[in-house]
Structures are given as C-alpha cells and as structure tokens.
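Below is one structure, written out as structure tokens, with a few remarks after it.
Values reported hereafter were calculated over all heavy atoms of this structure, with side chains retained and with hydrogens, waters and symmetry mates removed. Because the structure is a prediction, the values reported are computed rather than measured.
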Amino acid sequence: VLIILLILATVSDFKTYRIPNKLILSGLVISFFFQFFKGSFLSVLYCFGTLILVCVVFLPIYFIRAIGAGDIKLFAMITCFIGMKQGLQVIIVAFIIGGIFSLIKLFRYHIFHVQLQSLAEYVTQFYYLKKIVPYSSISIDKKNVIHFSFPILLSTIMIIGGELYH
C-alpha cells in the first residue's frame, strides 16, 4: 500500500509539482489503521508522535525553501507506516539519491558554478543579516527542479526491499 501511495505521489509531483493533501491524509489514515491492527492504540500514538517529530525536524528546512511541504508530509507518512528506525534510513538514503540527482542536473545544464555562487551569496547574507530567509535558487527554470518524491520512492523501495531479504 505504501509503495502504491508513493507512486501516486510521484506521478502527481511530476505532473503538477504538488503532492495532494488527500493522498497524504489517506496514507496516514491507512497507516493508523495498520498500526492499530498490528499493535494497539499505543502503536497509533507512537505513529502520531513520529509524524509530529518528522514535521518539527524538517520545519526549519521548509522555511528556507530547501524542501517542499509535500516531501515532509511524505516522510511523515512513511515513518507512520514503517517506524522511526526504517523511516530515518529512508530519509538518509533519499537525501543521498536526491543529492546525486542534483549534481547530475547541475553538470548537465552547466549551472554548477552559478548555483555554488548563489549558495555562497545566501550564506554571506545569512551571516551578515543574522536572519534566516528563504533560499532562492538563481535558476527558476522547471527543468532544474528535483522532484524529491522520486528519490523518496526509490529509497523506500530500497529500505523495505532490503528488509525483506534479511
């Protein structure tokens, strides 16, 4: 069920640059039922706690626009399904995969130096203003966008698939 939801989220992300809240909410409800029947009401409370923790941890990254709200909600939904330990593994692997995809795009579109300069300007601005502001990339061209839902999907398949063979 989780993989199907992630596939639907990824398709939506590629088509509309958004992940529908209804999809996330459906996944959360299914995960709550799954946790309840798998464990108990305490499992549901634990699931709810992981959901809040994931959202709180990623909130600062969202505020500087380094990650989308839909991606955070996907991470929260995943941790509700598979637990915090595997959820953390999915998050780490997703960022590694996303980083690799980003580097490929930076070199493919010959914008590595421009983006590096943009990052340096952002850090300098942060240092002098002592204020967190949204990080805006120089390029707003859609071809440079990383649909982070895809690395999230891939990392979830890798982590869940790896557990099946242990």
Side-chain angles (χ1 to χ4, degrees), residues 1-35 38 43-44 46-109 111-112 115 119 122 132 134-137 139-166:
V1 172
L2 176 59
I3 299 301
I4 292 169
L5 289 168
L6 291 174
I7 290 170
L8 292 172
T10 301
V11 168
S12 175
D13 189 16
F14 272 87
K15 284 184 176 181
T16 66
Y17 295 89
R18 296 185 50 82
I19 298 169
N21 286 332
K22 289 179 183 179
L23 181 69
I24 300 292
L25 186 59
S26 299
L28 289 173
V29 168
I30 293 167
S31 71
F32 288 155
F33 278 114
F34 176 72
Q35 292 300 330
K38 179 179 150 188
S43 297
V44 175
Y46 175 78
C47 179
F48 189 70
T50 61
L51 178 137
I52 291 172
L53 180 64
V54 167
C55 291
V56 168
V57 166
F58 279 104
L59 209 54
I61 301 169
Y62 169 74
F63 283 141
I64 64 168
R65 300 294 186 250
I67 190 172
D71 303 320
I72 297 170
K73 292 182 272 186
L74 280 180
F75 283 140
M77 181 182 74
I78 290 166
T79 57
C80 283
F81 268 99
I82 63 176
M84 199 62 190
K85 180 183 174 190
Q86 283 186 309
L88 183 59
Q89 293 171 343
V90 165
I91 291 167
I92 291 168
V93 172
F95 273 99
I96 292 169
I97 294 169
I100 292 168
F101 286 178
S102 294
L103 286 173
I104 291 169
K105 281 198 169 195
L106 288 173
F107 286 110
R108 179 178 178 203
Y109 295 112
I111 58 170
F112 181 80
Q115 293 298 100
L119 178 61
Y122 177 81
I132 296 176
Y135 175 75
S136 58
S137 175
S139 175
I140 56 172
D141 193 345
K142 296 280 190 190
K143 70 180 177 183
N144 297 330
V145 170
I146 298 294
H147 295 276
F148 200 43
S149 58
F150 187 56
I152 293 171
L153 169 63
L154 292 177
S155 65
T156 304
I157 291 169
M158 290 170 65
I159 298 303
I160 291 175
E163 282 297 312
L164 294 175
Y165 294 107
H166 278 68

Specify the closest pair of heavy atoms between I24 and G70, including all atoms of both residues, with the distance to one decimal.
CD1-O, 4.5 Å
Assess whether side-chain contact (heavy atoms from CB on, under 4.5 Å) is satisfied between K73 and L28, documenting all intermediate values.
CA-CA 9 Å; K73 292 182 272 186; L28 289 173; over 6 Å; no
Check F95, Y17, F101 against F148 for a ring-ring contact (aromatic ring centres under 6.0 Å, His included) and give me the one that passes.
F95
Report the distance from atom CD1 of I64 to atom CG of L59, rounding to the nearest 0.5 Å.
11.5 Å
F14: what forms a side chain to side chain contact (heavy atoms under 4.5 Å, CB included) with it, not counting sequence neighbours?
T10, H147, F150
Residue pairs meeting side chain to side chain donor-acceptor pair (under 3.5 Å), one or both in residues 24-35, sequence neighbours left out, come to none
When rounded to the nearest 0.5 angstrom, what distance separates CG in D71 from CD1 in I91?
11.5 Å
Check whether any side-chain N or O of T16 sits under 3.5 Å from a backbone N or O of D13 as a donor-acceptor pair, and report yes or no.
no
To the nearest 0.5 Å, how far apart are CD1 in I146 and CD1 in I67?
12.5 Å
Would you please name every residue forming a side chain to side chain contact (heavy atoms under 4.5 Å, CB included) with V1, sequence neighbours left out?
L5, I30, F81
Find the distance between CG (L74) and OG1 (T79) and round it off to the nearest 0.5 Å.
10.5 Å
To the nearest 0.5 Å, atom CD1 of I82 lies from atom CD1 of I78 at 6.5 Å
T156: partners by side-chain hydrogen bond (donor to acceptor under 3.5 Å, both in side chains), with sequence neighbours left out:
none
Output all residues satisfying side chain to side chain contact (heavy atoms under 4.5 Å, CB included) with P20, sequence neighbours left out; order by chain, then residue number.
S12, L23
Heavy-atom closest contact (A76 atom, C55 atom, distance):
CB-SG, 4.2 Å
Nearest non-hydrogen partners of F32 and V44, listed with the distance:
O-CG2, 3.5 Å
Atom of S149, atom of I19 and distance for their closest heavy-atom approach:
CB-CD1, 4.1 Å
For I52, check side chain to side chain contact (heavy atoms under 4.5 Å, CB included) against everything at least two apart and list the hits.
F48, V56
How close do T50 and C80 get, counting heavy atoms only, and between which atoms?
OG1-SG, 4.1 Å
CG (L51) and CE (M84) are apart, to the nearest 0.5 Å, by 10.5 Å
